[in-house]
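Remarks on the structure that follows.
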Number of protein chains: 4
Amino acid sequence: MSELRQLPADLLHVNTGGHEPIYRQLMMQLQRMVAAGQVSPGDALPSVREVALALGVNPMTVSKAYSLLEAQGVLERRRGMGMLVAAQSSAASSQLERLDMLRPGLERIAQEAQQLELSPAPVIALLRNLMKGSQG
Amino acid sequence: MSELRQLPADLLHVNTGGHEPIYRQLMMQLQRMVAAGQVSPGDALPSVREVALALGVNPMTVSKAYSLLEAQGVLERRRGMGMLVAAQSSAASSQLERLDMLRPGLERIAQEAQQLELSPAPVIALLRNLMKGSQG
Amino acid sequence: MSELRQLPADLLHVNTGGHEPIYRQLMMQLQRMVAAGQVSPGDALPSVREVALALGVNPMTVSKAYSLLEAQGVLERRRGMGMLVAAQSSAASSQLERLDMLRPGLERIAQEAQQLELSPAPVIALLRNLMKGSQG
Amino acid sequence: MSELRQLPADLLHVNTGGHEPIYRQLMMQLQRMVAAGQVSPGDALPSVREVALALGVNPMTVSKAYSLLEAQGVLERRRGMGMLVAAQSSAASSQLERLDMLRPGLERIAQEAQQLELSPAPVIALLRNLMKGSQG
DNA sequence: GTGGTCTAGACCACT
DNA sequence: GTGGTCTAGACCACA
């Protein structure tokens with residue numbers, strides 16, 4: 001029997017105000033955590049009810065995120081055990097794969113910067129600053 | 001000389017496929033054009049009907065974009081004569097102000113990069129690449 | 001031959017920004033000037049072109065105001081002489097009649113004050129202040 | 001106790017006959033109700049469909065009023081759950097703030113009274129009368 | 001259940 | 001010519 005790690009529900013965050021749907025915020029966060037190896041195949045996810053309570057959102061919303069990730073093969077539903085990270089979910093992804101998850105966002109930034117007639121230098125400087133900040 | 005510049009309608013583009021509402025795409029494009037100084041206070045905007053025809057969308061959709069920009073102080077209504085860029089819309093914004101329009105997007109990128117356990121270097125390299133591409 | 005007074009075009013004002021149509025602003029102003037006796041039956045009005053130029057509005061807008069006042073019997077069109085204040089326009093109105101012109105606006109104020117749960121005292125105090133200001 | 005107050009839809013009224021657009025009538029009514037404290041931050045608004053039904057207008061018209069108030073920071077959207085009065089909407093406004101909402105109208109009255117060469121006394125008397133009427 | 005978006009079309013008001 | 005308003009109805013996304 002492998003020892004079951006249980007992902008704490010309070011690792012997830014949600015921004016109710018923005019335009020991005022809550023279920024999608026949850027999906028993307030979980031996907032990133034899997035990709036980064038912060039959670040491994042076989043690890044258990046907090047129950048729908050638990051997450052819903054911790055985040056103050058509707059349980060159906062959490063359930064939707066879980067179900068979509070299951071359909072994507074990222075999660076697995078185990079009878080009586082809730083959801084856990086799927087075995088074939090290739091554990092942590094390579095740096096290149098993870099970088100690719102950022103590509104759409106970066107492409108959009110690049111396009112907007114061009115429309116704002118901003119040269120790469122200041123944009124990159126700002127991004128470097130923000131990344132130092134959140135890591136330091 | 002009361003020479004009135006008229007923004008050509010075909011400078012606007014719209015992506016019907018995506019999730020972002022058409023009216024919002026128009027709003028953001030116009031806002032960036034004003035900020036970048038590609039269009040100046042007092043310049044006339046193409047008529048609602050003109051834009052609607054050029055983009056193949058419903059006039060009300062264009063009108064919604066215009067109205068919201070007016071409520072935001074970016075545009076001004078000249079009764080019976082169309083819309084124009086508002087006077088107090090501070091002409092072209094400074095580089096710092098324009099950079100600030102990118103900040104939310106960059107903050108999000110930084111947060112996601114952290115969750116993906118990506119170091120600044122590769123992310124910044126990718127962004128630099130994308131920005132070179134759109135400028136070349 | 002009675003001596004013809006000519007109303008100067010710059011007595012009229014117009015607020016392009018608001019919701020009230022320009023032609024209506026002109027109509028109401030002229031009506032108030034007649035009612036107050038600031039202009040008398042037989043007095044000539046500035047030409048459409050003159051007013052349009054002085055106010056920076058479309059001549060058709062001025063013309064519309066004049067025509068509607070003519071239809072109302074306030075103005076008279078005299079061939080080759082432009083518009084003049086109609087003879088039967090009862091010269092200056094009585095105080096009661098003039099007060100009645102303010103009634104709709106005051107009724108609206110009263111209704112809004114009630115919805116705002118404002119008692120009469122402060123509203124009346126503010127109005128008294130504003131009237132002193134514009135008269136002093 | 002998470003007791004949610006729900007604003008009844010029949011508190012809203014609409015005058016189809018006048019010139020003022022329906023959506024704007026709704027906006028102003030709601031704004032005054034918030035300012036007067038008749039409805040508090042966190043209170044739920046009647047659903048778009050409910051109001052539309054009660055008033056016999058198109059749901060889009062109601063939705064427009066709600067959306068504009070949201071853009072103005074008066075209301076907040078709870079995805080899939082309806083609208084509620086925004087938290088930062090400073091609860092009931094002070095008497096001074098509410099009085100300020102009447103200022104533009106009163107300024108206009110004062111200006112018109114001056115053009116009508118009316119002295120403050122009769123105007124104020126009329127207003128006092130009208131306000132008594134709506135309170136009795 | 002909630003609001004959001006878009007369309008097609010009619011009608012209006014202003015300039 | 002300009003934008004504004006409203007309707008009726010369809011379809012979508014979210015919770």
Side-chain angles (χ1 to χ4, degrees), chain A residues 14 16 18-26 48 52 55-65 68, chain B residues 14 16 18-26 44-52 55-67 69-70 75-84, chain C residues 14 16 18-26 48 52 55-65 68, chain D residues 14 16 18-26 44-52 55-67 69-70 75-84:
Chain A
V14 136
T16 312
H19 285 188
E20 195 177 16
I22 297 174
Y23 83 92
R24 181 169 285 272
Q25 293 179 46
L26 293 176
V48 164
L55 276 72
V57 300
N58 193 309
M60 286 181 56
T61 307
V62 183
S63 180
K64 180 172 186 177
L68 286 172
Chain B
V14 134
T16 312
H19 287 181
E20 196 175 18
I22 297 174
Y23 81 91
R24 182 170 286 273
Q25 294 179 45
L26 292 176
L45 272 76
S47 83
V48 165
R49 290 159 172 91
E50 213 174 331
V51 175
L55 299 180
V57 300
N58 190 294
M60 271 199 68
T61 305
V62 182
S63 182
K64 185 173 184 176
Y66 278 12
S67 294
L69 287 173
E70 189 205 1
L75 301 184
E76 243 175 297
R77 234 175 55 225
R78 281 279 187 274
R79 331 245 317 226
M81 312 214 42
M83 311 282 289
L84 34 84
Chain C
V14 135
T16 313
H19 284 190
E20 195 177 17
I22 297 174
Y23 84 92
R24 181 170 284 272
Q25 292 181 47
L26 293 175
V48 165
L55 275 69
V57 301
N58 192 311
M60 286 182 58
T61 307
V62 182
S63 180
K64 181 172 184 176
L68 286 172
Chain D
V14 134
T16 312
H19 286 180
E20 197 175 17
I22 297 174
Y23 81 90
R24 184 171 285 273
Q25 293 179 45
L26 292 175
L45 272 75
S47 83
V48 166
R49 290 160 173 91
E50 213 174 330
V51 176
L55 299 180
V57 300
N58 190 296
M60 271 200 66
T61 305
V62 182
S63 180
K64 185 173 183 176
Y66 278 12
S67 294
L69 286 173
E70 190 205 1
L75 301 185
E76 244 175 298
R77 235 176 54 223
R78 280 281 186 273
R79 332 244 318 224
M81 311 214 44
M83 311 281 290
L84 33 84

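To find a chain, count down the sequence lines: A is the first, B the second, and so on, and within it residues start at 1. Computation of the quantities below employed the complete heavy-atom set of this structure, encompassing side-chain atoms and omitting hydrogens, waters and symmetry-equivalent molecules.
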(request) Any chance you could measure D:Met83, atom CE, to D:Ser63, atom OG, to the nearest 0.5 Å? (result) 8.0 Å

(message) Using side-chain contact (heavy atoms from CB on, under 4.5 Å), reason through A:Leu55 and A:Ile22 one step at a time and then give a plain yes or no.
(response) CA-CA 10 Å; A:Leu55 276 72; A:Ile22 297 174; 5.9 Å; no

(request) Provide, to the nearest angstrom, the distance between the CD atom belonging to A:Gln25 and the P atom belonging to F:dC14. (result) 11 Å

(request) Please work out if B:Val57 contacts a base, only the sugar-phosphate, or nothing of the nucleic acid, heavy-atom cut-off 4.0 Å. (result) sugar-phosphate

(message) Whole angstroms only, please: what is the NE2-P distance between D:His19 and F:dT5?
(response) 14 Å

(request) Return the value, rounded to whole Å, for the distance between atom CZ of D:Arg24 and atom P of F:dC6. (result) 10 Å

(request) Starting from C1' on E:dG4, measure out to CZ on D:Arg78 and report it in whole angstrom. (result) 18 Å

(request) Let me know, please, whether D:Ser67 or C:Met60 comes out on the 5' side of the other along DNA chain E by nearest nucleotide. (result) D:Ser67

(message) Less than 4.0 angstrom between a side-chain N/O of B:Tyr23 and OP1 or OP2 of E:dC6, yes or no?
(response) no

(request) Nearest-nucleotide wise, let me know which of D:Ile22 and A:Ile22 is further upstream toward the 5' end of DNA chain F. (result) D:Ile22

(message) Quick check on E:dG3: is either OP1 or OP2 less than 4.0 Å from any side-chain nitrogen or oxygen of D:Ser63?
(response) no

(request) Take the protein atom CG of C:Leu68 and the nucleotide atom P of E:dT15, then report the distance between them rounded to whole Å. (result) 12 Å

(message) Under 3.5 Å for both donor-acceptor distances, Watson-Crick or wobble: does E:dT2 have a partner, and if so which one?
(response) F:dA13

(request) Using the closest heavy atom to pick a nucleotide of DNA chain F for each, name whichever of B:Pro46 or D:Met81 lands nearer the 5' end. (result) B:Pro46

(message) Which heavy atom of D:Leu84 sits nearest to which heavy atom of D:Ala44, and what is that distance?
(response) CB-CA, 4.0 Å

(request) Please report, rounded to the nearest Å, how far the C1' atom of E:dG1 is from the CZ atom of D:Arg79. (result) 16 Å

(request) For B:Arg49, report the nucleic acid contact type (base, sugar-phosphate, nothing); a contact means any heavy atom under 4.0 Å. (result) base

(request) Using the closest heavy atom to pick a nucleotide of DNA chain E for each, name whichever of D:Gly80 or C:Thr61 lands nearer the 5' end. (result) D:Gly80

(request) Round to a whole Å and report the spacing from CG of D:Leu75 to C1' of E:dG3. (result) 13 Å

(message) Measure CE/B:Met83 against C1'/F:dG1 and give the value in whole Å, please.
(response) 16 Å

(request) Please determine, for the side chain of D:Ser47, which listed nucleotide (F:dG3, F:dT5, E:dT2) has the closest atom? (result) E:dT2

(request) Might you point out which heavy atoms bring D:Arg78 and A:Thr16 nearest each other, and give the distance in Å? (result) NH1-CG2, 4.3 Å

(message) Counting the atoms with a prime plus P, OP1 and OP2 as sugar-phosphate, which does B:Lys64 contact under 4.0 Å by heavy atoms, base, sugar-phosphate, or nothing?
(response) sugar-phosphate

(message) Can you give me the closest heavy-atom contact between B:Thr61 and B:Tyr23, atom names plus distance?
(response) O-CB, 3.7 Å

